[in-house]
Chemist: 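Have a look at this one.
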Amino acid sequence: MKSDIDKTMFKRIKKDLVAKYGTENAEEIWSYAEGMYLKLEKAKPNADKESRSFVFPAVSIYRAIENYAPGEALEVTRAFGTKTGLRLKKLFRRITALPGIPTLMWKNMDKISAKMSAGYELKNLEVTENKCFMDVTGCPLYDKAKELGTPEAIQMICCMDKEYMNGFRGIDYKRTKSVAEGDDCCDYRMTRV
């Protein structure tokens, strides 16, 4: 029977765990992560969808790796985040290759940026015909992971973000800072190309 953590996008890290630690050890790590995930679910029964889908699994996996191999969780989870982001980048590249999609995105960038930044604290938001700049000063995913005592777990998601955002055709994307990595903001810079 699959646990809820097996239903998340993070289940693919199991292959990386097998490659790094061997099948038996990977199963032990995953079992620990499943138990941790269930504990978080029980402790926070009214958690929002983002916490259940992203924060709980990221924190659970991070803690499981750290429990098995102290000092390695950040490297392992960030590598997985980068690998996943590169996979998603290819997907977004294909989707935005459809004729008219980049133009349609820019036409609606104000609505897209508003929806994507809902729940985040922003400053310096600037959306024009050719650019979308924003500084995210507060991230609810990071805040929830910090509340749970494992803020570093969210760097896995930041690594995904840094890669997949480069998959959108018609957008030159740059980000040099991240709240989860200790910076004052996540500086999103998207320019129409």
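All values below come from the heavy atoms of this structure, side chains included, with hydrogens, waters and symmetry mates left out.
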Chemist: Can a salt bridge be assigned to the pair D135 and R189 using a cut-off of 4.0 Å between side-chain N and carboxylate O?
Modeler: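 Yes, charged N to carboxylate O under 4.0 Å.
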
Chemist: Output yes when D161 and R175 qualify as a salt bridge under the 4.0 Å nitrogen-oxygen rule, no when they do not.
Modeler: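 Yes, this pair counts.
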
Chemist: Has the side chain of T82 got a donor or acceptor atom that lies under 3.5 Å from a matching backbone atom of R78?
Modeler: yes

Chemist: Taking the side chain as every heavy atom from C-beta outward, state whether K44 and V55 have any pair of such atoms under 4.5 Å apart.
Modeler: no

Chemist: K39 versus K42: any side-chain heavy-atom pair under 4.5 Å?
Modeler: no

Chemist: How are the rings of F92 and F168 set relative to one another: parallel (under 30°), tilted (30 to 60°) or perpendicular (over 60°)?
Modeler: parallel

Chemist: Kindly indicate whether the side chain of M190, heavy atoms from C-beta on, has any atom under 4.5 Å from the side chain of M165.
Modeler: yes

Chemist: To the nearest 0.5 Å, what is the distance between CD1 (I29) and CD (E27)?
Modeler: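 Interatomic distance, I29 CD1 to E27 CD, rounded to 0.5 Å: 10.5 Å.
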
Chemist: Report, as yes or no, whether the 6.0 Å neighbourhood of atom CE on M9 holds more than 12 heavy atoms from other residues, nucleotides or ligands.
Modeler: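 Correct, the count exceeds 12.
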
Chemist: Does this structure show an ion pair linking E66 with R63, if we count only N-O contacts that are shorter than 4.0 Å?
Modeler: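 No.
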
Chemist: Which of these, I61, N67, I65, sits in a side-chain contact (heavy atoms from CB on, under 4.5 Å) with Y32?
Modeler: N67

Chemist: For the pair R52 and D4, find out whether any cationic side-chain nitrogen is under 4.0 Å from an anionic carboxylate oxygen.
Modeler: no

Chemist: Which atom pair, heavy atoms only, marks the closest approach of A180 to Q155?
Modeler: O-NE2, 3.3 Å

Chemist: So do L17 and N25 actually touch side chain to side chain, heavy atoms under 4.5 Å?
Modeler: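 When only atoms from C-beta onward are counted, L17 and N25 do not touch, as no gap falls below 4.5 Å.
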
Chemist: Just so I know, are the side chains of D184 and K177 near enough to count as touching, which here means a heavy-atom distance under 4.5 Å?
Modeler: yes

Chemist: Picking from K11, K14, R12, what satisfies salt bridge (Lys or Arg N to Asp or Glu O under 4.0 Å) with D6?
Modeler: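 Per the salt bridge (Lys or Arg N to Asp or Glu O under 4.0 Å) rule, the option paired with D6 is K14, out of K11, K14, R12.
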
Chemist: So does K131 get a backbone contact from the side chain of T128, meaning a donor-acceptor N/O pair under 3.5 Å?
Modeler: yes

Chemist: Of all the heavy-atom pairs spanning S51 and P57, show the shortest one and how long it is.
Modeler: O-CD, 4.0 Å

Chemist: With heavy-atom distances below 4.5 Å as the criterion, would you say the side chains of Y21 and E72 are in contact?
Modeler: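 When only atoms from C-beta onward are counted, E72 and Y21 do touch, with a gap below 4.5 Å.
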
Chemist: Which heavy atom of A73 sits nearest a heavy atom of Y62, and at what distance?
Modeler: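 Looking at all heavy atoms of both residues, the shortest contact is CB-O, 3.4 Å.
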
Chemist: Quick check: does any side chain N or O of T84 sit under 3.5 Å from a backbone N or O of G81, one acting as donor and the other as acceptor?
Modeler: no

Chemist: Please report the interatomic distance CD1(I5) to CG(L40), rounded to the nearest 0.5 Å.
Modeler: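 CG of L40 is found 9.0 Å from CD1 of I5.
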
Chemist: Please report the interatomic distance CD(E50) to CG(L141), rounded to the nearest 0.5 Å.
Modeler: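 Here the rounded value is 7.0 Å.
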
Chemist: Could you measure the distance from the CD atom of E28 to the OG1 atom of T23? Nearest 0.5 Å is fine.
Modeler: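 Interatomic distance, E28 CD to T23 OG1, rounded to 0.5 Å: 12.5 Å.
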
Chemist: Indicate the atoms forming the closest heavy-atom contact of M160 with F80, along with that distance.
Modeler: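 So the minimum-distance heavy-atom pair works out to CE-CE2, 4.0 Å.
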
Chemist: Please report the shortest heavy-atom distance between D172 and V193, naming the atom on each side.
Modeler: CB-CG1, 3.7 Å

Chemist: Parallel, tilted or perpendicular: which fits the ring planes of Y173 and Y188, with parallel below 30° and perpendicular above 60°?
Modeler: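 Ring orientation of Y173 relative to Y188: tilted.
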
Chemist: Are side-chain heavy atoms of Y164 and L91 found at a separation under 4.5 Å?
Modeler: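 Not in contact.
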
Chemist: Identify the two heavy atoms, one from S113 and one from M134, that lie closest to each other, and give their separation to 0.1 Å.
Modeler: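 Taking every non-hydrogen atom into account, CB-CE, 3.8 Å.
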
Chemist: Report yes or no: do Y68 and V18 belong to one cluster of Ile/Leu/Val/Met/Phe/Trp/Tyr joined by side chain heavy-atom distances under 4.5 Å?
Modeler: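 No, Y68 and V18 fall in different hydrophobic clusters.
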
Chemist: Do the side chains of M109 and Y120 join up, straight or via other hydrophobic residues, at under 4.5 Å, putting them in one cluster?
Modeler: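 In one cluster: yes.
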
Chemist: Ignoring hydrogens and angles, tell me if any N or O in the side chain of N130 forms a donor-acceptor pair with the backbone of R192 under 3.5 Å.
Modeler: no

Chemist: For G170, is there any backbone N or O sitting under 3.5 Å from a side-chain donor or acceptor partner on W106?
Modeler: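 Such a contact is found between W106 side chain and G170 backbone.
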
Chemist: Please determine whether the number of non-hydrogen atoms from other residues, nucleotides or ligands lying under 6.0 Å from atom NZ of K107 exceeds 12.
Modeler: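 Result for NZ/K107: open.
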
Chemist: Calculate, to the nearest 0.5 Å, the distance between atoms CD1 and OH belonging to I157 and Y142 respectively.
Modeler: 13.0 Å

